[in-house]
Amino acid sequence: MLTKQQAKIFFLVGTFVTFAIFIGLTIYSLQQVQTRLPEDVARGKHIWEKNNCMGCHTIMGEGAYYAPELTNVIERRGEPFVRGVLQAKKPWQPNGRKMVAYGMNEQDTNDMIAFFKWIGNLDLNGFEKVDRKVSPLAVDHMKDNVE
Amino acid sequence: MKYKTQKVAYWFWALSMLLLTIQLTYGFIMGFARLGYDGLHQWIPFNTAHTVHLNTLVVWLLAGFMGAAYYIIPEEAETELWKPKLAYLQLIALTLVGVAALAGYHFNIWEGRKFLEIPRELDWLVAIDVILFLVILLMTILKGKKKSTTVWVLYGGLAGAAVLYLPGMISFDSQVLDSFFRWWVVHLWVEGVWELIMGGILAFLLIKLTGVDREVIEKWLYVVIGLTFLSGILGTGHHYYYIGVNKIWLIVGGIFSSLEPLAFLAMTLWALSMYRKGEKKHPNKLAITWTLAAAIISFLGAGVLGLAHTLPQTNLYTHGTLVTAMHGHLAFWGAYASIVLAIITYAMPNLTGRKLYDHPRGRLAFWLSNIGIFIMVSAFAAAGVAQVYLERILGYDFGQVQNEIKVHFWVLIIGATILSTGIILYIIDFVKYGLPTDEALEA
């Protein structure tokens, strides 16, 4: 039967080993992450945070699920559309959900666009790519229908 | 109660009750906004309501944990709290920082990082406050007659939470790095050190409520927290699938996060078997009910519902949808809200001397709040699965899909109303107990 001492050793050793592996994997992963970013991308991220865009939208799947995912927004909606939304001076209500009117100037808009483009070009293991939206099963089904 | 200074706990829990009320109120603002009724948008847009909802959740739970620590540690260490006046100062400071943060969110003063929206200037005040809290507790433990495993696990969880707050204070230009280290705080809190805090409180409650030998309970406490870290630390990887880091996390995160339910399963089995084994049944049946509910529902919410979408093959479709909200709501309710409500239910008769152990209002509060949360989670589940199918598989536009699934938000509001009724009854009970008194001191 397990003793309290053995249970304690299980806890301590298990924690130490997994934490060591976690730190190792972190170091390994971060070596492959771009740390120096173009200034406009960094400014764009700052504007993203300052306005708490994540409080409604999601980016890389993280946020509030109230407004659309923006990881791939430039590819999906096109730059002029995004530019128009960011610079709108009056609140608008796409599909009944109100968005704050940010009325951004040209510089801030450019920075936000740069930020979205940078995110859109990341390798996200297939997340939020247009072709991902059609499941493999659906693709086969569509092929069958066409044939 | 056994020591006069345990009374400090009451005021932390009073703060918890106040913040819980605010959390529910802002939850309703969000729920109605999803239905198109957002007349408050001009003053409280959705991002403000969302931030207040999340931050009041975190702070009411933290205040609940702090209250639990101030109640449990003197009793376990068999000594009065070290410098109780400092504990009151710590409470006032925490309240002021909380009020400043919540007010600021209504004026766009925030960081815009989910769960970590508190501005950096206030972060430092939070850090000082928590250091003061930890010093008071450590000094109490050191001057105490006894140093139990339960106390060290509880203290370790609280100290770990403080240390893990630091990575969230680092500033990054890269969204990838920002997200990577944000999860060091959020994931390693809720699927790591907070489970230690929960385990510590649960162990204390089981010792008090079942009468089972401390050595047996604490042995299994080690097993539970061992499984927690064994799976939870590398399980952080399930947040790294789609944020632009190495593919190795798909494998590591997938395997280890799939093991995370084991810790919660162990916690459930531990609590149930200790309850069955216990020969001395404490008269505070409500406290026993909340305690067992915390152990069982945490397994369902954090364990089973987490497992449902943790594998990368599934998460590719569910990530960033209402499926996550489904899991999040039951996980927080089962694991953390319930354990805080359990320790309060156990301690209030002891602090006030009013032995309201089992009464209809208390039972109604338990059942209504639990039925309400299950209705809410069912609504999120239905909405989330429909969203995944329509948006992620059929490729419909986000806004169109949200309109299609609108009916589920009505169900969500109904569930939230039932939950809130239960919580209101719980708070009425809390108020009716009255203030803690020295007359309640056990001889």
Side-chain angles (χ1 to χ4, degrees), chain A residues 2-4 7-8 10-11 14-15 18-19 21-22 25-26 28-30 32-37 41-42 45 48-56 58-69 91 94-98 100 115 118-119 122-128 132-135 138, chain B residues 30 33-34 36 38 41 45-48 50-51 108 110-114 117 173-180 215 218-220 222-223 225-226 229-230 233-234 236 240-250 252 312 316 319-322 324-325 391-395 398-400 402-403:
Chain A
L2 187 77
T3 64
K4 189 176 174 184
K8 187 177 180 180
F10 164 70
F11 161 64
T15 302
T18 48
F19 191 69
I21 296 171
F22 182 65
L25 286 175
T26 296
Y28 172 64
S29 290
L30 296 189
Q32 298 164 32
V33 173
Q34 185 186 0
T35 48
R36 288 193 153 220
L37 271 60
V41 175
K45 177 182 177 273
W48 168 266
E49 284 178 3
K50 198 179 74 181
N51 291 302
N52 195 7
C53 304
M54 213 187 232
C56 294
T58 46
I59 199 152
M60 303 194 298
E62 296 173 355
Y65 327 126
Y66 182 68
E69 165 66 51
N95 288 294
R97 289 191 177 174
K98 287 178 188 159
V100 175
F115 173 67
W118 183 80
I119 294 269
L122 290 172
D123 176 6
L124 301 181
N125 292 329
F127 180 71
E128 200 44 33
R132 188 194 55 77
K133 285 184 176 162
V134 179
S135 77
Chain B
M30 292 160 69
R34 285 185 180 278
D38 55 353
H41 174 80
F46 191 89
N47 57 355
T48 300
H50 184 256
T51 302
N108 292 2
W110 46 28
E111 276 195 25
R113 300 156 71 225
K114 192 178 176 184
E117 287 91 346
D173 286 342
S174 162
Q175 185 68 23
V176 174
L177 291 173
D178 198 293
S179 181
F180 193 93
E215 287 300 298
E218 290 182 341
K219 174 178 79 178
W220 292 109
Y222 274 130
V223 174
I225 61 173
F229 279 158
L230 201 63
I233 293 174
L234 288 167
T236 315
Y240 297 161
Y241 294 161
Y242 314 117
I243 65 163
V245 288
N246 197 286
K247 285 183 172 29
I248 198 163
W249 294 106
L250 291 168
V252 174
L316 182 66
H319 181 51
T321 69
L322 292 163
T324 312
E391 190 188 327
R392 299 286 173 86
I393 294 179
L394 297 183
F398 176 89
Q400 281 178 299
Q402 292 296 309
N403 279 331

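The figures that follow rest on heavy atoms only: side chains count, while hydrogens, waters and symmetry mates do not.
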> Highest number of heavy-atom pairs under 4.5 Å with chain B: which of A:Q34, A:R97, A:Q32?
Replying inline: A:R97
>> Quick check on A:K98 against chain B: is it the side chain, the backbone, both or neither that has a heavy atom closer than 4.5 Å?
In response: both
>> Counting heavy-atom pairs under 4.5 Å with chain B, which one of A:L2, A:V41, A:T58, A:T35 comes out on top?
In response: A:L2
> Between B:H319, B:Q402, B:H50, which has the largest tally of heavy atom pairs under 4.5 Å with chain A?
Replying inline: B:H319
>> At a 4.5 Å cut-off on heavy atoms, which part of A:L37 comes close to chain B: side chain, backbone, both, or neither?
In response: side chain
> Minimum heavy-atom separation for B:W110 to B:T48, with atom names?
Replying inline: CH2-OG1, 3.5 Å
>> For the interface with chain B, which of A:N95, A:V33, A:D123 has the highest count of heavy-atom pairs at distances below 4.5 Å?
In response: A:N95
> With a 4.5 angstrom heavy-atom cut-off, which part of B:I243 approaches chain A: side chain, backbone, both or neither?
Replying inline: both
> Top residue by heavy-atom pair count (under 4.5 Å) with chain B, among A:E49, A:M54, A:E69?
Replying inline: A:E49
>> Check this for me: A:K8, atom NZ, are more than 12 non-hydrogen atoms of other residues, nucleotides or ligands nearer than 6.0 Å?
In response: no
> Is the closest side-chain heavy-atom distance between A:F22 and A:L25 below 4.5 Å?
Replying inline: no
> Should we say atom CZ of A:F19 is surrounded by more than 12 heavy atoms from elsewhere, each under 6.0 Å from it?
Replying inline: no
> When heavy-atom pairs shorter than 4.5 Å are enumerated against chain B, which of A:G14, A:C56, A:P94 gives the highest number?
Replying inline: A:C56
> So what's closer than 4.5 Å to chain A heavy atoms on B:E111: side chain, backbone, both or neither?
Replying inline: backbone
> Tell me, side chain or backbone of A:T3 under 4.5 Å from chain B's heavy atoms, or both, or neither?
Replying inline: backbone
> Hey, are the side chains of B:R34 and A:Y65 touching, using non-hydrogen atoms and a 4.5 Å cut-off?
Replying inline: yes
> What is the ring orientation for A:F127 with B:Y242, classed by angle as parallel under 30°, tilted 30 to 60°, or perpendicular over 60°?
Replying inline: parallel
> Is it true that the side chains of B:T321 and B:E391 contain a donor and an acceptor less than 3.5 Å apart?
Replying inline: no
> Does a side-chain N-to-carboxylate-O contact under 4.0 Å join B:K114 and A:E62?
Replying inline: no
> Checking heavy atoms, do the side chain of B:Y222, its backbone, both or neither come under 4.5 Å from chain A?
Replying inline: both
> B:S179, B:P45, B:G36: which one forms the most heavy-atom pairs within less than 4.5 Å of chain A?
Replying inline: B:S179
> In Å, rounded to the nearest 0.5 Å, how long is the span from CD1 of A:I21 to CG of B:L234?
Replying inline: 5.5 Å
>> Out of B:V245, B:L322, B:D178, B:V252, return the one with the most heavy atom pairs under 4.5 angstrom to chain A.
In response: B:D178
> Do the rings of B:F180 and B:W249 sit parallel, tilted or perpendicular, given the 30° and 60° boundaries?
Replying inline: perpendicular
>> Please report the interatomic distance OG1(A:T15) to CD1(B:I225), rounded to the nearest 0.5 Å.
In response: 7.0 Å
> Can you say whether B:H41 sits under 4.5 Å from chain A via the side chain, the backbone, both, or neither, judging by heavy atoms?
Replying inline: side chain
> Which of the residues A:W118, A:Y66, A:W48, A:F115 is involved in the greatest number of heavy-atom pairs with chain B at under 4.5 angstrom?
Replying inline: A:Y66
> For B:D38, is it the side chain, the backbone, both or neither that has a heavy atom under 4.5 Å from a heavy atom of chain A?
Replying inline: both
>> So for B:F46, is it side chain, backbone, both, or neither that comes closer than 4.5 Å to the heavy atoms of chain A?
In response: both
